[in-house]
Protein chains: 2
Amino acid sequence: MGVTKTEIFTEEQNQLATLLKALAHPARIAILQRMMVANTCICGDLVGELGLAQATISQHLKELKNAGLIQGTIEGVSVCYCIHPENWKKLEQHLNGFLKEFKGPVSCC
Amino acid sequence: MGVTKTEIFTEEQNQLATLLKALAHPARIAILQRMMVANTCICGDLVGELGLAQATISQHLKELKNAGLIQGTIEGVSVCYCIHPENWKKLEQHLNGFLKEFKGPVSCC
DNA sequence: TCTATATATTGCAATATTACGATTAATTAA
DNA sequence: TTAATTAATCGTAATATTGCAATATATAGA
């Protein structure tokens, strides 16, 4: 009934799904890409550059933060966001581990 | 509202988000893992093994197929599903390209 | 043909997500 | 203190997702 049955899956499967869900939105991908190419903190520059309202961007940032993908520190009036290095590495490993489970095509279908 | 504003993002960002969304559910991750470790076709074995109703699994398979992540061929009464090799490779490359944009930590936050 | 088996589709209820205006909270500068 | 700036939160509307029972469809075998 509209709610995912997390209890029937492994901790790993649920965790990966949660991480992927946090990534699975063009606005959040755009936000992360900006942080990565800037290679520095991004404050409120996002609003106006992305074409979404301030409340919406704040919401997306919150989701990325909850997923542990970014971190933010208060910098005077504004807030300074950037990629969370350790967790990003973990995400890379987790995802690569998943993708690499596929051992190449076996002519069947 | 409540609908993603795809028109303000790049084609690339939207595509990646769509792929990630297809992956972002524990049931679909579980299904893909089974296909990968089996390294062969999976027919209806999924029902009963996963703990979800047949209609629900059929729905998840459809989503994975729409995203191009799996392919299925009719094999008598049952249907034979497996990973779509080319698209899986593309996904790997697309995702790696995205993850690798991060050039390591720059002490800022 | 009739029956059994396997999968897809439909319709629906419960819940989640997306987006934004309005408001609130916190900090800086005057 | 007051005003300005920035970001978070609240409330709400629109839409999407998840899950399942019921039903439909399709094939194989008797």
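Numbers restart at 1 for each chain; the letters A, B, ... are given by sequence-line order, proteins then strands.
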Let me know the distance between CD of B:E63 and C1' of C:dA8, rounded to the nearest Å.
14 Å
B:Q54: side chain to side chain contact (heavy atoms under 4.5 Å, CB included) partners, not counting sequence neighbours:
B:V47, B:S58
Could you give the CD1-to-C1' distance, from A:I70 to D:dA8, as a whole number of Å?
13 Å
Does anything in residues 6-30 of chain A come within less than 4.0 Å of DNA chain D? Heavy atoms only, and list the residues if so.
none
Answer yes or no: is there a side-chain heavy-atom contact under 4.5 Å between A:F102 and B:L32?
no
When you measure from the side-chain N and O atoms of B:T56 to the phosphate of D:dT18, is any distance below 4.0 Å, counting only OP1 and OP2?
no
Taking the side chain as C-beta and beyond, is there a heavy-atom pair between B:L61 and B:L46 under 4.5 Å?
yes
Do the side-chain N or O atoms of B:H60 get closer than 4.0 angstrom to the phosphate oxygens (OP1, OP2) of D:dT17?
no
Return the minimal non-hydrogen interatomic distance between A:G72 and A:Y81, and the atom names on each side.
CA-CD2, 3.6 Å
Can you give the donor-acceptor pairs under 3.5 Å from side chains of residues 17-26 of chain A to other protein atoms, not counting sequence neighbours?
{"unit_1": "A:T18", "atom_1": "OG1", "unit_2": "A:N14", "atom_2": "O", "d": "2.8"}
{"unit_1": "A:H25", "atom_1": "ND1", "unit_2": "A:A27", "atom_2": "N", "d": "3.0"}
{"unit_1": "A:H25", "atom_1": "NE2", "unit_2": "B:T4", "atom_2": "OG1", "d": "3.4"}

Could you state the CG-P distance from A:L64 to C:dT17, rounded to the nearest angstrom?
14 Å
Residues forming a side chain to side chain donor-acceptor pair (under 3.5 Å) with A:T6, sequence neighbours excluded
none
Output one letter per nucleotide in nucleotides 1-7 of chain D: B when a protein non-hydrogen atom lies under 4.0 Å from the base, S when only the sugar-phosphate is that close, - when neither is.
----BSB
Is the phosphate of D:dT9, meaning OP1 or OP2, less than 4.0 Å from a side-chain N or O of A:K62?
yes
I need the CG-P distance between B:L52 and C:dT7, as an integer number of Å.
15 Å
Within residues 40-69 of chain B or reaching into it, pairs that qualify as salt bridge (charged side-chain N to carboxylate O under 4.0 Å, His left out) - sequence neighbours excluded
B:R28-B:E63, B:R34-B:E49
Interatomic spacing from CE in A:M35 to CG in A:L69 - rounded to 0.5 Å
10.0 Å
Base of D:dA8, side chain of A:Q59 - is there a donor-acceptor contact under 3.5 Å?
no
The reported gap from CG in A:L95 to CG in B:L99 (rounded to nearest 0.5 angstrom) is 6.0 Å
Give the rounded distance in Å between these two atoms: CG of A:L50 and P of C:dT18.
15 Å
Select base, sugar-phosphate, or nothing to describe what A:I57 touches, counting heavy atoms under 4.0 Å on all strands.
nothing
Contact nearer the 5' end of DNA chain C, comparing A:I74 with A:A53:
A:A53
Do B:F98 and B:H94 have side chains that get closer than 4.5 Å, going by heavy atoms?
no
Between the first and last five pairs of the helix from C:dT1-D:dA30 to C:dA30-D:dT1, the angle of the axes, rounded to 10 degrees
20°
Can you check the B:K65 NZ to C:dA8 P distance for me, whole Å?
7 Å
Could I get the full list of side chain to side chain contact (heavy atoms under 4.5 Å, CB included) partners for B:E86, not counting sequence neighbours?
B:H84
Please state how far atom CD in B:E75 lies from atom P in C:dA8, giving the value in whole angstrom units.
14 Å
Under the side chain to side chain contact (heavy atoms under 4.5 Å, CB included) test, residues paired with A:K5 that sit two or more places apart:
A:E7, A:I8, B:L52
